[in-house]
Novice: 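My questions will all concern the structure given below.
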Amino acid sequence: MKTIVIGVIGADVHAVGNKIIEYTLTNAGYNVVNIGVLSTQEDFINAAIETDASLILVSSLYGHGEIDCRGMREKCIEAGIGEILLYVGGNIVVGKQDFIQVKQTFMDMGFTRVYPPGTPIDNALKDIREDLGE
Amino acid sequence: MKTIVIGVIGADVHAVGNKIIEYTLTNAGYNVVNIGVLSTQEDFINAAIETDASLILVSSLYGHGEIDCRGMREKCIEAGIGEILLYVGGNIVVGKQDFIQVKQTFMDMGFTRVYPPGTPIDNALKDIREDLGE
Amino acid sequence: MDLRNKRIPEDEFLRIRKEVLNSWVTGNDPQLDLEEAVKYLKSVPEHKNFAIKLNKAKERGLTLIQPRAGVPVLESHIKLLQYLQESGADFLPSTIDSYTRQNRYVEAQKGLEESVSRNRALLNGFPAVNHGVTNCKQVLEAVDVPIEARHGTPDARLLSEIIHAAGWTSNEGGGISYNIPYAKSVPLEVSIKNWQYCDRLVGYYEERGIRINREPFGPLTGTLVPPSISNTVMIIEALLAAEQGVKNITVGYGMGGNLVQDVAAINSLYDQTIEYLNKFGYTGMEISTVFHQWMGGFPQDEAEALALISYSSTVAALSKATKLISKSPHESVGIPTMEANGLGVKASKFIVNMLKDQNMAESYALKEEIAQIKKEVHCLMDVIYKAGDGDWAVGIVSAFRQGLIDVPFAPSKCNAGKILPARDNDGMIRILEFGNLGFTDEIKEFHHKKIEQRAKLENREISFQLTVDDVYSVSKGKLIGRPQV
Amino acid sequence: MDLRNKRIPEDEFLRIRKEVLNSWVTGNDPQLDLEEAVKYLKSVPEHKNFAIKLNKAKERGLTLIQPRAGVPVLESHIKLLQYLQESGADFLPSTIDSYTRQNRYVEAQKGLEESVSRNRALLNGFPAVNHGVTNCKQVLEAVDVPIEARHGTPDARLLSEIIHAAGWTSNEGGGISYNIPYAKSVPLEVSIKNWQYCDRLVGYYEERGIRINREPFGPLTGTLVPPSISNTVMIIEALLAAEQGVKNITVGYGMGGNLVQDVAAINSLYDQTIEYLNKFGYTGMEISTVFHQWMGGFPQDEAEALALISYSSTVAALSKATKLISKSPHESVGIPTMEANGLGVKASKFIVNMLKDQNMAESYALKEEIAQIKKEVHCLMDVIYKAGDGDWAVGIVSAFRQGLIDVPFAPSKCNAGKILPARDNDGMIRILEFGNLGFTDEIKEFHHKKIEQRAKLENREISFQLTVDDVYSVSKGKLIGRPQV
Ligand code: B12
Ligand code: B12
């Protein structure tokens with residue numbers, strides 16, 4: 001059973017989606033480690049190391065995602081899990097922005113997959129299965 | 001007391017605005033001759049001649065205004081009232097169109113004043129007073 | 001003219017039919033052969049049959065959405081309908097242009113051709129007669145839901161022939177509701193006779209096992225019509241249609257604006273239509289209701305227009321009407337673009353879904369208003385029955401002539417045009433000037449008191465100014481046209 | 001920590017105040033001198049005073065509109081507020097960014113500076129603390145209606161000092177409502193103490209004749225919160241505020257979606273707030289209510305979002321709430337543009353105007369639901385009172401710790417997070433899993449039966465899946481998350 005670390009990054013307290021994601025991924029057969037809201041990059045990385053996770057799934061709802069996610073890939077590399085899959089989704093920037101550009105920004109930061117607003121977790125299950133090789 | 005002929009042109013049956021216009025212009029001190037809905041260009045012109053009117057105020061609500069109003073100025077000239085003031089208003093073309101262009105079309109047809117959708121008759125009173133020289 | 005509320009005998013119907021089909025070239029289409037038409041109509045799948053889809057919705061307590069829409073050119077019209085279907089429309093319309101409504105097919109042809117050549121709509125609807133059966137069939141075949149013709153035609157005989165033969169299983173209109181608000185000098189006898197024909201056509205198909213829905217046009221002038229007046233017209237048109245053999249009827253109502261009065265209107269409309277049909281011996285009838293979103297002047301601002309559309313939908317859903325006719329955010333300006341029309345459908349659909357499982361709680365105020373409307377309708381029906389010596393067709397003509405029934409703001413010369421409506425302090429539509437309206441003194445007293453209360457609160461005289469203010473008020477964002485303070 | 005529901009003595013308040021003002025550089029502004037501040041607040045004209053404007057609206061039975069809005073840069077923020085005022089907003093907000101809410105002024109400063117330099121908002125609100133009194137005054141002076149700070153800050157002491165000294169006459173929040181949904185590990189004792197300070201500040205001004213409004217945050221997590229739970233929190237925060245000398249309180253409620261339950265919730269909230277304030281000896285209180293448009297996940301489609309906004313406004317208007325917090329058609333995507341926010345205001349305003357003269361008719365269903373909510377609130381209040389041995393502050397902390405009161409989906413560790421809500425067959429929010437919630441068996445039985453009826457109709461087990469489906473449903477255009485058929 002593959003392990004996925006989930007949580008909500010930064011000063012963000014949106015907890016509903018997080019609880020639904022935990023429920024959905026668990027139902028889909030994954031070992032879910034939920035570090036909850038108000039989590040730092042370090043919280044995610046430490047949890048991933050401790051649980052030997054294959055994927056870190058970052059939620060950001062409140063708009064500060066861009067600031068909060070900067071340098072996360074570098075921190076993963078420093079921590080020795082440079083190759084780990086990094087997803088981000090929710091409402092990751094402030095306001096209604098052109099998503100092509102937003103996606104590029106986060107891809108450039110080293111995220112593996114970047115999701116537009118309103119993508120329910122169910123729609124990402126296919127990607128997860130693919131990336132985790134199942 | 002100056003006379004104004006009002007009516008709704010063509011196959012148009014929108015009667016509400018017409019009744020309100022009659023009421024408003026009468027209250028404003030004009031002699032109003034209301035030929036009602038479903039009126040032809042000839043109906044307007046005949047009424048204007050019979051009552052020695054200073055202004056013909058054409059309403060068109062249903063969208064066919066452009067077809068219905070073509071040649072009206074020429075008919076006035078033929079009938080010997082070529083100089084009469086001709087107003088048109090309501091929803092004079094089909095759909096939401098750029099009004100600058102619409103206005104030009106009707107000015108080219110020889111209308112004195114052309115009003116955009118949603119201009120209540122009260123907003124035209126100033127123009128009427130001005131044009132009728134009061 | 002010998003008007004009676006009697007089923008047209010088949011031989012007479014077929015005789016008139018020849019004349020009707022001869023009135024314009026597209027009437028000569030062999031697809032208008034009745035056997036052909038029956039065959040084609042039988043091939044229309046159930047989910048595209050208006051009557052059947054309505055029955056199912058009614059059974060499940062749903063409110064389904066239908067926009068208004070029609071453009072002259074065939075391809076554009078199909079594209080428009082497909083777009084609306086994707087936006088969530090449960091039923092599709094084809095709104096017919098105004099020349100066709102007046103049987104001015106020559107002008108309609110000109111407008112159609114110019115619309116093609118100039119690539120810009122010069123007609124305000126789809127000229128179905130000029131298009132003929134083949135094109136109308138193409139429209140039906142291009143979509144996946146039932147289609148209805150929506151128009152405003154005093155003489156819709158040829159139009160009705162063409163659309164039904166093309167598989168359109170619903171036709172809006174009626175001898176009263178498509179005359180009084182839509183014509184100036186067509187005698188009521190004539191339009192009623194014409195619509196008896198349209199109904200008889202539907203009856204003819206019914207006899208051959210084909211379900212076709214008929215929908216009298218409830219809103220009339222769309223402007224401050226007191227519910228008892230439009231409901232009375234609806235019931236009479238239902239009786240006239242039933243006599244000609246129509247079985248599936250959707251009676252309509254245009255929103256007034258006060259939630260309680262609107263819900264009461266739909267409730268009493270349904271009850272009393274059934275009551276009168278039963279009482280006069282029409283059995284096996286299938287009755288549903290249609291609620292029209294606000295039919296008067298709309299606000300210009302598109303957010304406000306969408307708000308009004310949403311509010312209308314809320315009222316419709318709470319009234320449990322089976323069908324809801326939607327408007328668009330362009331309403332006050334002109335025929336909407338495809339996209340604007342779609343927005344109206346989406347907003348409406350969202351609301352009816354949100355309210356699907358909710359009911360309007362029974363309340364004293366609701367019961368009272370239902371009772372009031374029913375009392376008024378009974379009163380008017382009695383008066384009309386007497387005026388016709390027991391014949392509804394004769395009665396309604398005579399009642400209109402005498403002003404015993406009277407529709408505010410109607411252009412028709414057959415209408416007395418003496419009553420003046422206005423809102424009371426709750427925003428319910430009442431009557432301030434009765435003309436010769438066939439109300440009892442008790443009912444008049446009730447209305448007068450309601451209007452008096454309002455005038456008192458606003459500290460002004462009872463006059464036409466109340467009516468004028470109320471005509472404008474909703475478009476200015478208020479229900480009641482109170483003086484500014 | 002020594003928490004009690006007791007008014008903070010003035011000397012202690014002034015002592016703490018020094019610390020508070022020292023926590024960030026803008027706290028040293030001489031305009032924060034209390035005499036200065038009192039003078040400035042006294043110069044704020046009546047029409048810009050939140051409390052006074054609310055009182056007037058309540059007296060006239062109006063529902064006034066307030067959007068949410070805040071951008072980091074001063075000039076843009078002012079432009080935004082002016083635009084919303086022109087769109088019809090009766091009250092203006094300044095929504096504070098999330099770093100400020102966590103007292104992370106360094107990051108807020110960084111975000112503010114970057115927003116200026118990159119000419120693009122990098123903060124999700126207006127960092128009022130970093131801006132300081134002068135800038136906040138500029139905001140107030142640029143508009144013509146009262147301003148309130150809206151945030152979600154467990155420790156809003158410095159923020160409150162700055163905004164009130166700048167003439168903003170309302171502050172949203174409370175020790176419970178700005179902790180449980182907005183924080184993870186801030187102890188409830190701490191946030192309540194902090195908010196006692198904020199309330200005491202308002203009380204201090206009250207004593208000097210300045211009316212300031214306080215508004216506990218009713219919606220909590222905005223997600224399927226049963227009305228009795230949020231109402232209980234509201235009443236307790238009102239009691240805590242009153243103890244500190246606050247006189248003008250607006251208790252809030254986030255729309256659930258069922259019309260009857262929502263109207264019942266506002267009605268009982270108002271009644272019971274007054275009941276408890278009276279019972280516990282707080283006199284001269286001015287209580288009003290605020291209704292929040294749908295606070296859960298919004299639909300993506302903008303027409304649907306506007307429909308939801310309009311429906312929410314309809315419910316609000318029928319509930320006769322004094323204030324309505326509006327959303328925008330961009331809600332599901334991100335912080336709205338000025339224009340999108342304005343559309344929400346316009347649509348909301350249109351609806352409340354349409355319904356101004358209409359009342360929700362009294363019905364059996366409404367009475368019943370009011371009685372149910374009141375019964376549940378009384379039950380929870382009793383439990384909390386006991387848990388605190390007669391002290392509301394102690395009681396609420398202890399009740400949360402034990403899960404006697406419990407908020408669904410809350411991130412806070414002080415919250416048990418054991419209850420699971422779901423809708424019943426009418427779409428009313430009920431509870432399917434109680435955890436340790438302080439309900440009597442009778443109340444639990446009532447909820448259980450309601451949920452059971454729904455599960456039965458849907459032919460499935462009672463489980464968390466109901467809750468999950470209901471979390472999504474409104475954003476997908478249905479009130480109840482029923483399985484697809
Ligand atoms: C009520 C109404 C009806 C009623 C009319 C009842 C009746 N007999 O009067 C009914 C339901 C029957 C009806 C039918 C139709 N209608 Co209609 N109707 C309306 C509606 C909703 C309100 C009109 C109204 O009464 N407003 C209140 C009065 C007081 O305002 P008013 O009419 O605008 O008049 C004022 C001003 O325009 C101005 N004014 C008018 N004339 C002039 C002239 C001058 C010189 C000046 C200065 C000012 C001025 O002063 C008046 C008083 O203040 C409008 C849309 C809207 N405005 O919201 C559509 C609308 C006019 N209708 C329309 C259409 C297309 C039709 C139909 C063809 C079919 C249909 N789609 O349903 C038929 C037409 C039948 C026919 N042959 O004419 C379209 C016209 C489209 C366009 N121009 O692009 C509109 C705009 C709706 C839309 N967006 O599609 N309609
Ligand atoms: C409920 C809500 C709240 C509640 C949250 C309660 C709680 N503690 O959970 C309250 C009222 C407290 C709140 C507060 C705030 N909120 Co809020 N909130 C919402 C709202 C309405 C719904 C969120 C929700 O629960 N949806 C339901 C769940 C199931 O969906 P979800 O959260 O989107 O998660 C799903 C998907 O996004 C996806 N997903 C999530 N993460 C990931 C990751 C990956 C990799 C993938 C594939 C998928 C995925 O899967 C989830 C399950 O399907 C949204 C707007 C909306 N969506 O309609 C705004 C919204 C998220 N909030 C917003 C903001 C700004 C705030 C506030 C800053 C202040 C404010 N303006 O009110 C504060 C923030 C406080 C803080 N420090 O975080 C903004 C964010 C703006 C932006 N990004 O531009 C939004 C978008 C509203 C808006 N348009 O302004 N909020």
Side-chain angles (χ1 to χ4, degrees), chain C residues 87-88 257-261 263 294 299 301-311 313-315 317-318 329 340 342-351 353-369 423-428 454 473-474 476-480 482, chain D residues 87-88 257-261 263 294 299 301-311 313-315 317-318 329 340 342-351 353-369 423-428 454 473-474 476-480 482:
Chain C
S87 303
N258 173 287
L259 176 60
V260 172
Q261 189 175 44
V263 173
W294 178 249
D301 182 273
E302 296 190 15
E304 292 185 359
L306 269 177
L308 180 52
I309 287 168
S310 304
Y311 174 59
S313 306
T314 303
V315 180
L318 289 174
L343 294 181
V345 172
K346 277 187 206 161
S348 305
K349 186 98 184 176
F350 184 87
I351 296 280
N353 278 336
M354 279 290 285
L355 285 156
K356 193 163 59 185
D357 297 294
Q358 298 189 50
N359 292 301
M360 175 89 173
E362 262 210 28
S363 67
Y364 178 70
L366 180 60
K367 270 195 214 154
E368 214 183 17
E369 186 59 21
R423 298 188 183 280
D424 67 16
N425 274 330
D426 298 316
M428 295 197 190
R454 166 170 170 198
S473 57
V474 171
K476 291 181 177 168
K478 304 265 157 68
L479 181 59
I480 309 175
R482 301 200 191 276
Chain D
S87 303
N258 173 287
L259 175 61
V260 172
Q261 187 174 46
V263 174
W294 178 250
D301 182 272
E302 295 189 16
E304 294 186 358
L306 268 177
L308 181 51
I309 286 168
S310 304
Y311 174 59
S313 305
T314 303
V315 180
L318 289 175
L343 295 180
V345 172
K346 277 187 204 159
S348 305
K349 187 98 184 177
F350 184 87
I351 297 279
N353 277 337
M354 279 290 286
L355 285 156
K356 194 165 57 184
D357 297 294
Q358 298 190 48
N359 291 301
M360 175 90 171
E362 260 209 30
S363 67
Y364 178 70
L366 180 60
K367 268 195 215 154
E368 214 184 14
E369 186 59 22
R423 297 189 184 279
D424 67 16
N425 273 330
D426 298 316
M428 296 197 189
R454 165 171 170 197
S473 57
V474 170
K476 292 180 175 169
K478 305 267 156 65
L479 180 60
I480 309 176
R482 301 203 192 273

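It should be emphasised that the depicted structure is a prediction, and the values quoted were computed from it without experimental measurement. Within every chain, numbering begins at 1; the chains are lettered A, B, ... in the order of the sequence lines, protein sequences first and strands thereafter.
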Novice: At a heavy-atom separation under 4.5 Å, does P299(C) approach chain D through its side chain, its backbone, both, or neither?
Specialist: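 The side chain, not the backbone.
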Novice: E304(D) versus chain C, heavy atoms under 4.5 Å apart: side chain, backbone, both or neither?
Specialist: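 For E304(D), heavy atoms of backbone and side chain both lie under 4.5 Å from chain C.
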Novice: For N425(C), is it the side chain, the backbone, both, or neither that has a heavy atom closer than 4.5 Å to a heavy atom of chain D?
Specialist: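 Contact with chain D: backbone only.
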Novice: Can you name the one residue among I480(C), L479(C), N258(C) that meets side-chain contact (heavy atoms from CB on, under 4.5 Å) with M354(D)?
Specialist: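 Considering I480(C), L479(C), N258(C), a side-chain contact (heavy atoms from CB on, under 4.5 Å) with M354(D) is found only for L479(C).
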Novice: From F350(C) CZ over to K476(D) NZ, what is the distance, rounded to the nearest 0.5 angstrom?
Specialist: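 Answer rounded to 0.5 Å: 13.0 Å.
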Novice: Checking Q358(D) side chain against G257(C) main chain: does a donor-acceptor pair fall under 3.5 Å?
Specialist: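 At least one qualifying donor-acceptor pair exists.
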Novice: Can you tell me how far CG of L366(D) sits from OG of S363(C), rounded to the nearest 0.5 angstrom?
Specialist: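 Reported to 0.5 Å precision, the distance equals 10.0 Å.
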Novice: Among M428(C), M360(C), R482(C), K356(C), who wins on heavy-atom pairs under 4.5 Å with chain D?
Specialist: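 Max contact count across the listed options: R482(C).
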Novice: Quick check: closest heavy atoms across A307(D) and S310(C), and the distance to 0.1 Å?
Specialist: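 Nearest pair, atom of A307(D) first, then S310(C): CA-OG, 3.3 Å.
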Novice: Under a 4.5 Å cutoff for heavy-atom pairs, which residue among V260(D), L308(D), V345(D), L306(D) has the most contacts with chain C?
Specialist: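 Top option by heavy-atom pairs under 4.5 Å: L308(D).
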Novice: Are the side chains of L318(D) and L259(C) in contact, using a 4.5 Å heavy-atom criterion?
Specialist: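 Result yes, sub-4.5 Å side-chain heavy-atom pair found.
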Novice: Measure distances from K346(C) to the heavy atoms of chain D and classify the residue's part below 4.5 Å as side chain, backbone, both or neither.
Specialist: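 Both parts, backbone and side chain.
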Novice: Is V474(C) close to chain D through its backbone or its side chain, or both, or neither, when contacts mean heavy atoms under 4.5 Å?
Specialist: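 Both backbone and side chain.
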Novice: Rounded to the nearest 0.5 Å, how far does OG1 of T314(C) lie from CG of L355(D)?
Specialist: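 Spacing of CG (L355(D)) from OG1 (T314(C)) equals 9.0 Å.
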Novice: Do D357(C) and R423(D) have side chains that get closer than 4.5 Å, going by heavy atoms?
Specialist: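 Counting from C-beta outward, D357(C) and R423(D) never come under 4.5 Å.
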